[in-house]
*Asks:* 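Dumping the structure here so I can ask a few things about it.
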Amino acid sequence: MAESKQRKSVADRREGDRRKADRRRADGDATDRAGKPAEAESTERPSRQRTAAPGTAPWVVPTMVSLLLLGVIWIVVFYVAGYLIPFMAAMGNWNLAVGMGLIAASFVVATQWK
């Protein structure tokens with residue numbers, strides 16, 4: 001498929017611009033396309049602070065993580081030592097419902113995280 005004349009001329013100009021830029025970098029010429037002196041490039045990256053997304057209440061993430069961990073710990077304790085803990089032994093397999101309920105609550109709270 002033959003290229004149009006316009007596409008060829010644009011491609012040639014781009015290639016020429018690349019060559020000029022490469023020559024400028026090799027020569028150490030620090031000017032931009034408009035001929036103005038280019039600012040020195042900073043090798044240091046700007047520091048970023050980790051913050052919650054805009055609109056997220058500050059209580060959402062700690063509550064979500066706490067509910068999730070509490071649910072998992074509840075289920076693990078029930079399986080490992082539930083028969084030794086009087087109120088857990090009385091609840092029987094409802095302990096699974098409590099643990100899964102806590103985990104489900106953490107997913108409900110997670111929907112508030114933006």
Side-chain angles (χ1 to χ4, degrees):
M1 182 173 151
E3 284 189 338
S4 69
K5 289 180 185 179
Q6 186 173 6
R7 283 187 190 162
K8 271 189 176 179
S9 65
V10 169
D12 291 342
R13 267 188 261 144
R14 284 186 188 153
E15 186 60 34
D17 288 345
R18 284 190 198 120
R19 287 185 196 141
K20 285 180 189 175
D22 290 341
R23 270 189 252 128
R24 270 192 228 124
R25 274 190 231 115
D27 294 339
D29 185 15
T31 58
D32 61 3
R33 283 188 177 188
K36 297 182 219 165
E39 295 180 21
E41 291 184 27
S42 175
T43 57
E44 191 176 313
R45 288 188 177 184
S47 63
R48 285 185 168 177
Q49 262 188 331
R50 292 204 109 168
T51 58
T56 300
W59 59 269
V60 171
V61 176
T63 304
M64 176 185 63
V65 172
S66 298
L67 286 171
L68 180 70
L69 291 176
L70 189 61
V72 170
I73 290 170
W74 189 284
I75 292 171
V76 168
V77 168
F78 168 65
Y79 275 121
V80 172
Y83 62 94
L84 297 174
I85 302 170
F87 74 91
M88 279 190 155
M91 287 176 63
N93 284 335
W94 282 101
N95 285 298
L96 294 174
V98 171
M100 293 302 283
L102 289 167
I103 293 170
S106 76
F107 282 109
V108 170
V109 172
T111 63
Q112 301 300 311
W113 190 12
K114 297 176 185 167

*Asks:* Quick one: side chains of residues 93-111, donor-acceptor pairs under 3.5 Å with protein atoms, not counting sequence neighbours, listed by atom name and distance.
*Replies:*
unit_1: Asn95; atom_1: OD1; unit_2: Trp74; atom_2: NE1; d: 3.2
unit_1: Asn95; atom_1: ND2; unit_2: Met88; atom_2: O; d: 2.8
unit_1: Asn95; atom_1: ND2; unit_2: Gly92; atom_2: O; d: 2.8
unit_1: Ser106; atom_1: OG; unit_2: Ile103; atom_2: O; d: 2.6
unit_1: Thr111; atom_1: OG1; unit_2: Val108; atom_2: O; d: 2.5

*Asks:* What are the two closest heavy atoms between Ser66 and Pro62, and how far apart are they?
*Replies:* OG-O, 2.7 Å
*Asks:* Under 3.5 Å, is there a donor-acceptor pair between the side chain of Thr56 and the main chain of Trp113?
*Replies:* no
*Asks:* Running the 4.5 Å side-chain criterion over Ile, Leu, Val, Met, Phe, Trp and Tyr, what cluster does Leu84 land in, apart from itself?
*Replies:* Tyr83
